[in-house]
Amino acid sequence: MARPEEMEEAGRISIAKDVVSTIAALAAAEIPGVFAPSGEPFPRGPAARRHVETELLGGRVRVSLRIAVEYGRAVPEVVQELQEKIKAEVERMTALPVEAVDVEVTRVVFSEEQS
Amino acid sequence: MNLLLGIEALVLFLAAVLAGLGAWLAPEVTIRTNPVPELAVRVTLSILAAAFLGGSGACLALWRQRQGLSSPLKQPGPRGLVFITPHTVVQLAVGLLAQELPETTFRVHLQPQKEGFSLRVFLRLPQEASITEVAERVQELLTAELSRRTGLKVQEVQVVVHGTARAPR
């Protein structure tokens, strides 16, 4: 994986915020127990961007996302796994350093709600 | 809903200011050609101003309380901030209580605190239930499980038993 400075030698690379949001959403969809705030499975396509916001400040990324957590799971454990997964995936795919991944848990999803 | 409360507080405050100004200026008032004494006008408008001001204060207090209830509880996580909405915590508490006390009807209110939150649980217990035993079980369960499942500090769990219910036949 090329580092940012190596990329600059060959030319400028711009990464849209939506790309980072999509990567974060895909990572979120892979974490067990994480759902969209509506209670449905976390969407993988562009629809996921409704729940993910990305800020790019001085070449650093800050991702904020809203999720629901499956009932029975410990929120801190799920959130920690999610934060680490998103940070790792965004850094691996974009080479941009992730400053923080802020997570808002808006609700709990009970088993009978899951389709 | 919160916005409406804020607007109500503002309107009532403006009405209080107007009534206060009226009390201070004491305009001439006549009812069916009989002039009302200045003192009566001042007293009436002062009472109105105080009532409007009280109403405005009550709306403002309610508005602030609701703002607090709708804003998420915040704690630092390993890679960023973690926000948990009060609704999420209440859902967790309801899930736990439904498992622990399947024959009991209950309501859960959450009050955010400077650090963590406190809960008030309203229970309608079956007639044969021991109130102290159930209350202790509820307090222990919610304190332990909610702090484990949310990472937030459970400051207090108040149990209010507001009635008994017959077990279904």
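Just so it is clear: chains get the letters A, B, ... in the order the sequence lines come, proteins before strands, and each one is counted from 1.
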Identify whether B:L18 and B:V11 are in the same connected component of the hydrophobic contact network (ILVMFWY, side-chain heavy atoms under 4.5 Å). no
Give, as side chain, backbone, both or neither, the part of A:V101 having an atom under 4.5 angstrom from any heavy atom of chain B. both
I'd like to know whether CD1 of B:I31 has more than 12 heavy-atom contacts from other residues, nucleotides or ligands below 6.0 angstrom. no
Are any non-hydrogen side-chain atoms of A:Y71 and B:L96 less than 4.5 angstrom apart? yes
dist B:R79:CZ -> A:D102:CG (nearest 0.5 Å) comes out at 13.5 Å
Same cluster (ILVMFWY, side-chain, under 4.5 Å), A:V61 and A:L26: no
Below 4.5 Å from any heavy atom of chain B, which atoms of A:R66 appear? Answer side chain, backbone, both or neither. neither
If I compare all heavy atoms of A:A100 with all of B:G80, which pair ends up nearest, and what's the gap? CB-CA, 4.0 Å
When you group the ILVMFWY residues by side-chain heavy-atom contacts below 4.5 Å and let the links chain together, are B:L101 and B:I131 in the same group? yes
Quick one: pull up CD in A:E104 and CG in B:L81 and give me the separation to the nearest 0.5 Å. 11.0 Å
Exactly one of B:V94, B:T85, B:V89, B:L92 should register a side-chain contact (heavy atoms from CB on, under 4.5 Å) with A:V108. Which one does? B:L92
Is it the case that atom CD in B:E100 sees more than 12 heavy atoms from other parts of the structure closer than 6.0 Å? yes
Per-residue tally against chain B (heavy atom, under 4.5 Å) across A:V75, A:I86, A:V63, A:V69 peaks at A:V75
Under 6.0 Å from the CZ atom of B:F122, do we count more than 12 heavy atoms belonging to anything else shown? yes
Transitive ILVMFWY side-chain link B:L110 to B:V108, under 4.5 Å: yes
Return the minimal non-hydrogen interatomic distance between A:A74 and B:R148, and the atom names on each side. CB-O, 4.0 Å
Which atom of B:Q91 lies closest to which atom of A:F110, heavy atoms considered: O-CZ, 3.5 Å
Residue from B:L73, B:L152, B:V90, B:V82 scoring the most non-hydrogen pairs under 4.5 Å with chain A is B:V82
In terms of heavy-atom contacts, does CD of A:E77 have more than 12 from other residues, nucleotides or ligands at under 6.0 Å? no
